[in-house]
There are 2 protein chains.
Amino acid sequence: MTHCHTTIQSLRRQGFRITPQREMIIETLTQSNAHLSAEEIHKRIKPRSKTINLATVYRTLDLLVEQGHATRLIGKEGKFLYATRQHSRHLHLVCRKCGRAYAASYDGLQPFLEQLKSTYGFQVEAEHVTLYGLCPHCIHPPNQ
Amino acid sequence: MTHCHTTIQSLRRQGFRITPQREMIIETLTQSNAHLSAEEIHKRIKPRSKTINLATVYRTLDLLVEQGHATRLIGKEGKFLYATRQHSRHLHLVCRKCGRAYAASYDGLQPFLEQLKSTYGFQVEAEHVTLYGLCPHCIHPPNQ
DNA sequence: TCTGTTACTGCAAGAAATCGCAATAAAATA
DNA sequence: TATTTTATTGCGATTTCTTGCAGTAACAGA
Ligand SMILES: [Mn+2]
Ligand SMILES: [Mn+2]
Ligand SMILES: [Zn+2]
Ligand SMILES: [Zn+2]
């Protein structure tokens with residue numbers, strides 16, 4: 001059972017309809033183990049499906065995020081990017097000054113997430129957390 | 001010394017020019033201890049400065065975030081919101097399903113942030129972290 | 001205070017993301 | 001398989017955010 005099929009079956013079980021467009025979007029996002037923009041996904045599908053519309057891509061990505069099959073983050077250039085949740089687990093450390101992005105282990109985060117769960121009943125999904133701050137290159141005497 | 005003046009002096013020290021537009025934007029954001037959209041800030045300033053342009057508001061907000069005086073987050077309705085960093089410290093727990101947002105203490109997060117600092121040399125600014133997941137209302141047997 | 005440099009602004013154009021609506025097609029049912 | 005229901009699509013319009021550029025004004029230096 002591929003990750004792609006798992007997603008499709010889960011959506012079907014929730015009562016969503018599986019259209020060729022949705023299949024192609026899920027397939028594209030799953031097969032590329034990277035962060036893709038809606039535009040990029042659209043561009044990759046176009047050769048196979050001439051009429052697929054960018055709005056459909058956005059709407060499907062919204063659905064995937066809402067249903068927990070994908071995560072949305074803000075890329076270096078300010079555009080939204082999407083990734084499946086099978087995308088290997090890590091944190092993104094993004095420098096607010098230079099925009100550099102570092103991948104970091106989230107191992108030490110677990111105790112805190114469990115604390116949030118017991119305190120608020122909120123189940124954080126930590127596969128793809130983005131934290132902002134200053135990278136080693138940009139740390140300098142505080143702005144006072 | 002108000003928070004507003006601290007920001008202005010810090011910017012001046014970094015070599016940025018202090019224009020009336022920038023002063024009004026900083027003042028507006030500081031005095032409202034809330035999350036404001038660029039549009040909302042613009043609307044509030046317009047009566048006092050007829051010609052102020054929305055692009056200037058966006059550019060100033062970018063500057064404030066880059067310089068660490070403000071944080072940017074994605075609001076319930078998908079628009080970007082901004083807040084000063086004097087805005088009381090808390091985490092945002094946002095439900096990916098229903099969009100509900102909870103304010104949470106970030107106290108327990110500190111040890112993990114220190115770990116990130118020593119491992120990666122990255123100084124996370126945790127005043128306004130947004131974590132996504134499922135809220136108590138939306139947690140249900142896994143989609144499986 | 002006056003002058004020169006150039007960062008900043010307003011404006012208009014452009015790009016990214018969302019939305020309303022009529023036509024279409026997924027899938028449940030007979 | 002044919003029928004019915006209604007979620008989903010494509011398309012165009014709209015909204016949100018960004019960018020290029022020429023004119024303006026902040027502020028450093030004389
Ligand atoms: Mn990632
Ligand atoms: Mn907040
Ligand atoms: Zn940096
Ligand atoms: Zn919820």
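Lettering of chains follows the sequences in order, A, B, ..., and the numbering in each one begins at 1.
Of all the residues in residues 46-62 of chain B, Ala55(B), Tyr58(B), Arg59(B) reach under 4.0 Å from DNA chain D with at least one non-hydrogen atom. Of the residues in residues 70-83 of chain A, none lies under 4.0 Å from DNA chain D by heavy-atom distance.
Arg13(B) has its CZ atom 20 Å from the P atom of dA7(C), to the nearest Å. Rounding to whole angstrom units, CD1 of residue Ile26(B) and P of dC8(C) are separated by 12 Å. In this structure, Glu39(A) places its CD atom 17 Å from P of dG14(C), rounding to the nearest Å. For the pair Glu23(B) CD and dT9(C) C1', the computed distance is 15 Å after rounding to whole Å. Atom CD in Glu40(B) sits roughly 12 Å away from atom P in dT16(D) (whole-Å rounding).
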Query raised in the report: What is the per-nucleotide protein-contact pattern of nucleotides 24-30 of chain C, from the 5' end, where B denotes a base atom under 4.0 Å from a protein heavy atom, S denotes such proximity for sugar-phosphate atoms only, and - denotes neither?
Result: -BBS---
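For the pair Arg96(B) and Tyr132(B), the NZ or CZ position fails the cation-pi test of under 6.0 Å to the six-membered ring centre and within 45 degrees of the ring normal.
Shortest non-hydrogen contact noted between Ile139(B) and Gly121(A) is CD1-O, 3.4 Å. When all heavy atoms of His42(A) and Ile52(A) are compared, the pair lying nearest together is NE2-O, 2.9 Å.
Arg85(B) has a carboxylate O that lies under 4.0 Å from a charged side-chain N of Glu125(B), or vice versa, which qualifies the two as a salt bridge. Remark: Arg44(B) engages Glu40(B) in a salt bridge, criterion side-chain N to carboxylate O under 4.0 Å.
Follow the hydrophobic side-chain contacts under 4.5 Å out from Val65(B) and you never reach Leu131(A); the two are in separate clusters.
Using a 30° and 60° split on the angle between ring planes, His137(B) and Tyr102(B) fall in the parallel class, below 30°.
Judged purely by atom type and a 3.5 angstrom limit, Thr60(B) uses its side chain to pair as donor or acceptor with the backbone of Thr56(B). In this structure, Ser49(B) contributes its side chain and Ile45(B) its backbone to no donor-acceptor pair below 3.5 Å.
In summary, the aromatic rings of His3(A) and His69(A) are positioned with their centroids too far apart to meet the 6.0 Å limit.
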**Report entry** Full working for side-chain hydrogen bond (donor to acceptor under 3.5 Å, both in side chains) between Thr71(B) and His128(B)
**Finding:** CA-CA 7 Å; Thr71(B) 53; His128(B) 221 162; 2.6 Å; yes
